[in-house]
Number of protein chains: 2
Amino acid sequence: MSKKQIIIKAATRLFSEKGFKETSVAELSKVTGAAEGTIFHHFKTKEDIFLSILKNVKEGIIEEFEEYIHTRAFDNGLDMMEGVISFYLYLAGRMEEWFLLLHRHYPYELAMDNPVCREYLEGIYTCLVDIFEEAISRGQKDASIDNGVPSRKTAMIIFAMVNGLVWFKLHHLYEAGALYNELIASCHKILRESDECKK
Amino acid sequence: MSKKQIIIKAATRLFSEKGFKETSVAELSKVTGAAEGTIFHHFKTKEDIFLSILKNVKEGIIEEFEEYIHTRAFDNGLDMMEGVISFYLYLAGRMEEWFLLLHRHYPYELAMDNPVCREYLEGIYTCLVDIFEEAISRGQKDASIDNGVPSRKTAMIIFAMVNGLVWFKLHHLYEAGALYNELIASCHKILRESDECKK
DNA sequence: AACCCAACCGAGTACTCACTCGGTTTTTTT
DNA sequence: AAAAAAACCGAGTGAGTACTCGGTTGGGTT
């Protein structure tokens with residue numbers, strides 16, 4: 001592994017665990033064994049390190065989801081929604097660093113006056129909500145999901161719900177896993193036909 | 001207003017808008033007109049300022065909710081749930097500073113080795129989830145909410161959903177207000193009888 | 001009028017910060 | 001093997017950082 005990759009890897013861990021501002025270049029130098037001069041040889045500024053990491057996070061999340069969706073065969077749209085929610089929770093556990101980074105304030109503050117950062121963040125969230133919406137649309141075609149629900153807005157609501165649970169987990173308030181069954185049940189209720197009994 | 005209160009007020013704004021670490025005592029001194037010596041006369045450390053603010057936030061949120069609940073007369077438990085959700089969104093807009101503070105990482109990191117901070121945070125979330133749960137319990141007694149849903153866990157799910165939407169709003173990703181109708185509709189679906197048609 | 005004490009001041013302190021620069025080592029190219 | 005380029009080093013810099021300390025002010029009590 002090249003020194004640049006070592007720096008990226010260590011910075012990913014430190015930025016997500018301690019925060020961007022709370023991590024000094026001196027510490028980064030210490031844990032990587034790279035001199036400060038070396039760090040600034042590979043990256044123009046400390047902010048530049050962060051943007052490299054965010055790029056990795058964006059590409060990593062999108063890649064993971066695309067692989068998951070194209071590998072798994074879903075019975076129908078509702079099944080896909082359940083799978084996608086499960087995978088989001090699973091990924092938030094396996095790649096905790098990525099999600100810790102995304103649940104900090106720094107990226108969103110940087111995004112306010114850095115178009116590259118904003119593009120990465122929007123890329124991540126647009127992709128995720130798109131996937132949730134696609135599951136709903138598929139479900140509406142194959143009749144596993146109520147045609148009455150607005151697909152985009154409902155996708156956002158469900159994403160907010162899942163993401164909110166991940167937030168609780170990352171902040172050590174509740175264990176998201178303990179609510180998994182209720183989460184899936186709630187999701188089913190939101191998406192099912194409201195008047196299916198009339199048939 | 002005493003100088004101490006001026007400091008608290010300015011620090012609340014700065015800590016929520018810029019962050020704790022990103023706000024220097026020098027800046028706080030500048031915007032309040034108080035000398036740095038004065039700030040450290042009233043507060044032992046910078047962290048001490050933050051704890052004073054968090055105390056205010058906790059007491060403020062709990063007070064606001066208690067007043068709302070005891071003032072409004074709800075038709076039934078489901079109506080109460082709708083009211084509480086609306087009030088949470090309303091308060092997150094009116095007292096944006098409080099919620100920005102609570103949606104940063106700093107409080108939760110401080111809570112890891114500061115029992116006072118942890119107590120404040122737990123106090124806030126316990127109180128809020130308690131209120132959500134109480135609405136569900138009331139609804140299950142007056143038959144406006146399905147008896148089959150587990151009250152505590154469902155309260156957490158709905159709270160995660162609402163809080164997740166507030167998070168999106170605070171991070172300038174989506175406007176929570178635009179999803180208000182879908183939020184209430186989804187909540188109704190989660191709480192209503194799942195087999196009402198069989199009656 | 002003498003005293004008191006909390007409120008207030010701001011220059012000073014020891015330290016950390018991101019970043020630079022001149023030079024050395026290692027790798028690649030010719 | 002010589003030359004060019006890239007990777008790497010670490011002491012140094014100047015601008016912050018939280019916090020201290022010796023001293024001044026001003027309203028209230030005796």
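We name chains A, B, ... by the order of the sequence lines, and we start the count at 1 in each one. We use all heavy atoms of the structure for the numbers below, so side chains are in, but hydrogens, waters and symmetry mates are not.
Listed candidates were C/dC9, D/dA18, D/dC9. Nearest to the side chain of B/Lys46 is D/dA18. Comparing C/dA18, D/dT20, D/dC8 by their closest approach to the side chain of B/Phe40 singles out D/dT20.
Distance, A/Phe50 CZ to C/dC19 C1': 20 Å, rounded to whole Å. For the pair A/Ile49 CD1 and C/dC19 P, the computed distance is 8 Å after rounding to whole Å. For the pair B/Ile7 CD1 and D/dC19 P, the computed distance is 14 Å after rounding to whole Å. Taking atom CD of A/Glu22 as the reference point, atom P of C/dT16 lies 16 Å away to the nearest angstrom. If you take NE2 of A/His42 and P of C/dT26, they are 15 Å apart, rounded to a whole angstrom. B/Glu27 places its CD atom 17 Å from the C1' atom of D/dC19, with the value rounded to the nearest Å. As a whole-Å value, the separation of A/Lys30 NZ from D/dC9 C1' is 18 Å. Taking atom CE on A/Met1 and atom P on D/dA7, their separation rounds to 17 Å, with Å as the unit.
Among the protein residues, A/Lys4 comes within range of no part of the nucleic acid, since none of its heavy atoms lies under 4.0 Å from any strand. Across all strands shown, B/Thr23 has heavy atoms under 4.0 Å from sugar-phosphate atoms exclusively, and none from any base. Within 4.0 Å of A/Thr45, counting heavy atoms only, lie sugar-phosphate atoms of the nucleic acid but no base atom. Backbone-only engagement by A/Ser24 is indicated by non-hydrogen atom pairs under 4.0 Å involving sugar-phosphate atoms exclusively.
Ionic pairing of A/Arg104 and B/Glu109 is present here: one or more N-O contacts between side-chain nitrogen and carboxylate oxygen are shorter than 4.0 angstrom. Between B/Glu64 and B/Arg94, at least one side-chain nitrogen of the basic residue sits less than 4.0 Å from a carboxylate oxygen of the acidic one, meeting the salt-bridge criterion.
Side-chain nitrogen and oxygen atoms of B/Thr38 include at least one within less than 4.0 Å of the OP1 or OP2 phosphate oxygen of C/dC9. OP1 and OP2 of C/dC8 both lie 4.0 Å or more from every side-chain N or O belonging to B/His41. Residue B/Lys3 places no side-chain N or O under 4.0 Å from the OP1 or OP2 atom of C/dA7.
A donor and an acceptor atom, one from each side chain of A/Glu36 and A/Ser29, are nowhere located under 3.5 Å apart.
Exactly one residue among A/Phe20, A/Trp98, A/Phe15 makes a side chain to side chain contact (heavy atoms under 4.5 Å, CB included) with A/Ile53. That residue is A/Phe15.
When each of B/Gly37 and A/Phe20 is assigned the nucleotide of DNA chain C with its nearest heavy atom, B/Gly37 is the one assigned upstream, toward the 5' end.
Ring geometry for A/Tyr125 versus A/Tyr108: interplanar angle of 30 to 60°, hence tilted.
For B/Glu36 and D/dC19, a side-chain-to-base donor-acceptor distance below 3.5 Å is present, hydrogens and geometry of angles not being considered.
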